[in-house]
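Shown next, in structure tokens, is the structure this report addresses.
Only a predicted model underlies this, so the values are computations on that prediction, with no experimental measurement involved. Whatever order the structure lists ligands and atoms in, that order sets their numbers, starting from 1.
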Amino acid sequence: MLIKRPRGWEMPERLATPEAVYRDRRRFLAGLPAVALAASLPGGMLLPAAARAAAPDPTADLYPAKRNEKYVLDRPLTAEKHATTYNNFYEFGTSKDIWKEAQERLKIRPWTVAIDGMVEKPFSIGFDELIRKMPVEERLYRHRCVEAWSMAVPWSGFPMAALVALAKPLGSAKYIEMKTFLDPKVAPAQKQSWYPWPYTEGLTVAEANNELAFIATGLYGKPIPHQNGAPLRLAVPWKYGFKSVKSIVSFTFTEKRPKSYWEVAQGAEYGFWANVNPAVSHPRWSQAKERVLGTSEQVPTQIWNGYGEFVAGLYAEMKGEKLFM
Ligand code: MTE
């Protein structure tokens, strides 16, 4: 997906915390009750970032969520270590190895989500309050990146249709635009002016109401790791992975089709629909097969990523649209 590879903003190796040190600090902090730790600090001093990270997650009781057995896989689950250490999250760098950066830098509490645009009454809501209003469950989904790798993971979260119902869109709203946070202090890559930050994606309201469209808040029976898009990200498994926007701060209902991040960055290669189709090549590579993450296996890619029974009908009447890019 790369368009340029400037490296000036990247953190020099010497400033990065070595993994062993980082893990040890976490292990130490995890062993201390947060209250005792806070009490040991002089006069209400703010907890350092690492200590805050060790504070208990207020949504932890929601996981592991009950699995919805309707969504079955045709392959083994990807090992957790692969799905959580091989990531695309351009805000933290163009390499796949951004998990430490995301864990250290992204602060997910407090986290406010705006629901606005063409809705009965626009509002903002804290993530911890939002999730308590939603029917949380676990689903096993495949994920197919446009770069021709794939994984199969247990997301937890809630159907996007439940969020649409909470939003109460006006009848004239046709699309939902979703945006990731914008904060170059947290995500240094957002200083790069040649990328159209913040990362933006869109779905039609009909797609969002499709039963497969899912807002993921957990992974492998735990709150979702920062590098996978905490505290909430989209999972639309019939589309290429770039549609599944991470760390969402707003859902805007609109009658105008949103322009997504990759469409703006490189419109000749990436479009709005981005439905998976092995017969339609990317301009620079074939989409016929996919590399299964954590293995050296190449398997054939399936149209709609194998989810045609759920979603093909959404597009049956559409004419003249580039549905597969
Ligand atoms: N969302 C944001 N905000 N930034 C990104 O760079 N990358 C996308 C998508 N969502 C991306 C994003 C791409 S290209 C893919 S394949 C998936 O996230 C990767 O999700 P994963 O890291 O959880 O596997």
Side-chain angles (χ1 to χ4, degrees), residues 1-4 77-103 105-106 108 111 113 139 141-157 177-184 186-190 192 195-203 213-220 222-251 258 260-266 269-271 274-276 282 285 287 290-294 301 305 325:
M1 315 258 302
L2 280 181
I3 46 179
K4 287 183 188 169
L77 276 180
T78 301
E80 181 175 354
K81 73 165 192 266
H82 295 302
T84 57
T85 59
Y86 184 93
N87 300 102
N88 274 333
F89 204 163
Y90 272 52
E91 286 81 345
F92 296 100
T94 51
S95 94
K96 307 291 178 211
D97 184 23
I98 52 74
W99 65 272
K100 275 178 270 180
E101 289 293 297
Q103 286 198 359
R105 303 185 74 103
L106 180 60
I108 60 163
W111 191 275
V113 178
R139 294 186 182 187
Y141 274 1
R142 292 189 299 278
H143 172 100
R144 169 58 159 84
C145 179
V146 75
E147 297 161 336
W149 57 266
S150 68
M151 61 182 186
V153 295
W155 300 116
S156 315
E177 182 181 65
M178 289 154 275
K179 287 188 189 292
T180 296
F181 68 90
L182 179 63
D183 187 348
V186 168
Q190 291 183 333
Q192 299 167 321
Y195 280 119
W197 310 110
Y199 198 100
T200 301
E201 262 306 340
L203 293 177
F214 198 62
I215 299 291
T217 59
L219 190 57
Y220 296 94
K222 290 168 280 196
I224 191 167
H226 294 187
Q227 63 271 29
N228 294 95
L232 72 167
R233 61 89 58 83
L234 185 64
V236 278
W238 71 100
K239 292 180 178 282
Y240 289 115
F242 68 85
K243 292 295 292 182
S244 291
V245 47
K246 295 178 169 181
S247 303
I248 301 169
V249 294
S250 62
F251 295 86
S260 53
Y261 177 88
W262 285 107
E263 217 182 337
V264 176
Q266 215 164 354
E269 299 191 355
Y270 305 102
N275 297 303
V276 175
H282 182 276
W285 57 84
Q287 296 291 21
E290 62 205 54
R291 179 174 60 86
V292 180
L293 212 61
T301 288
N305 199 21
M325 74 163 272

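At a 3.5 angstrom cut-off on N or O pairs, Asn87 counts as close to ligand 1. Residue contacts with ligand 1: Tyr86 is placed with no nitrogen or oxygen under 3.5 Å of a nitrogen or oxygen of the ligand (distance criterion only). The distance criterion of under 3.5 Å between nitrogen or oxygen atoms is not met by Trp155 with respect to ligand 1. Some N or O of Thr180 is nearer than 3.5 Å to an N or O of ligand 1, by distance alone.
Under a 4.0 Å heavy-atom criterion, Phe181 is not in contact with ligand 1. The shell of residues lying under 4.0 angstrom from ligand 1, judged by heavy atoms, includes Ser244. Taking 4.0 Å as the cut-off, Arg233 counts as a neighbour of ligand 1 on heavy-atom distance. Not a single heavy atom of Glu201 sits less than 4.0 Å from an atom of ligand 1. Using a 4.0 angstrom heavy-atom cutoff, Met151 counts as in contact with ligand 1.
Among protein heavy atoms, atom 14 (S) of ligand 1 sits closest to Asn88 ND2, 3.4 Å. Atom 6 (O) of ligand 1 has Tyr90 N, 2.7 Å as its closest protein atom, hydrogens excluded (heavy atom only).
Using a 4.0 Å cut-off between heavy atoms, His143 contacts ligand 1 through its side chain alone, with no backbone atom that close. Under 4.0 Å from ligand 1, the heavy atoms of Tyr199 that appear belong solely to its side chain. Within the 4.0 Å heavy-atom criterion, neither part of Lys243 lies near ligand 1.
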(message) If you apply the rule side-chain contact (heavy atoms from CB on, under 4.5 Å), what do you find for Leu203 with Leu234, and how did you get there?
(response) CA-CA 10 Å; Leu203 293 177; Leu234 185 64; 4.1 Å; yes
(message) Would Trp197 and Tyr261 count as a ring-ring contact (aromatic ring centres under 6.0 Å, His included) here? Give the steps.
(response) CA-CA 7 Å; Trp197 310 110; Tyr261 177 88; 5.2 Å; yes
(request) Decide side-chain contact (heavy atoms from CB on, under 4.5 Å) for Tyr240 and Gln287; before the verdict, give the C-alpha distance in whole Å, the side-chain angles of both, and the deciding distance to 0.1 Å. (result) CA-CA 10 Å; Tyr240 289 115; Gln287 296 291 21; 3.5 Å; yes
(request) Take Leu106 and Glu91 through the test side-chain contact (heavy atoms from CB on, under 4.5 Å) and record every step on the way to the result. (result) CA-CA 10 Å; Leu106 180 60; Glu91 286 81 345; over 6 Å; no
(request) Show the numbers, then the answer: is there a side-chain contact (heavy atoms from CB on, under 4.5 Å) between Trp155 and Ile224? (result) CA-CA 8 Å; Trp155 300 116; Ile224 191 167; 3.9 Å; yes
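Evaluated by nearest non-hydrogen atom to atom 21 (P) of ligand 1, the leading choice among Lys179, Glu91, Gln227, Lys246 is Lys246.
Near Trp149, with a cut-off below 4.0 Å to any heavy atom, the atoms of ligand 1 are 16 (S), 24 (O). Ligand 1 places these atoms under 4.0 Å from at least one heavy atom of Cys145: 16 (S). With ligand atoms numbered from 1 in the order given, ligand 1 contributes 21 (P), 23 (O) to contacts under 4.0 Å with heavy atoms of Asn228. In the vicinity of Gly241, heavy-atom distances shorter than 4.0 Å reach the ligand 1 atoms 8 (C), 9 (C), 13 (C), 15 (C), 16 (S), 17 (C), 18 (O).
A donor atom on one side chain and an acceptor atom on the other are not found under 3.5 Å apart for Asn87 and Lys96.
Between Glu80 and Lys222, at least one side-chain nitrogen of the basic residue sits less than 4.0 Å from a carboxylate oxygen of the acidic one, meeting the salt-bridge criterion.
In this structure, Phe89 CZ and Ser95 OG are separated by 13.5 Å, a value rounded to the nearest 0.5 Å. Taken from NZ in Lys239 to OG in Ser244, the straight-line distance is 9.5 Å, to the nearest 0.5 Å. Atom OH of residue Tyr199 and atom NZ of residue Lys179 lie 12.5 Å apart, to the nearest 0.5 angstrom.
The two residues Tyr220 and Ala152 have their closest heavy-atom pair at OH-O, 4.3 Å.
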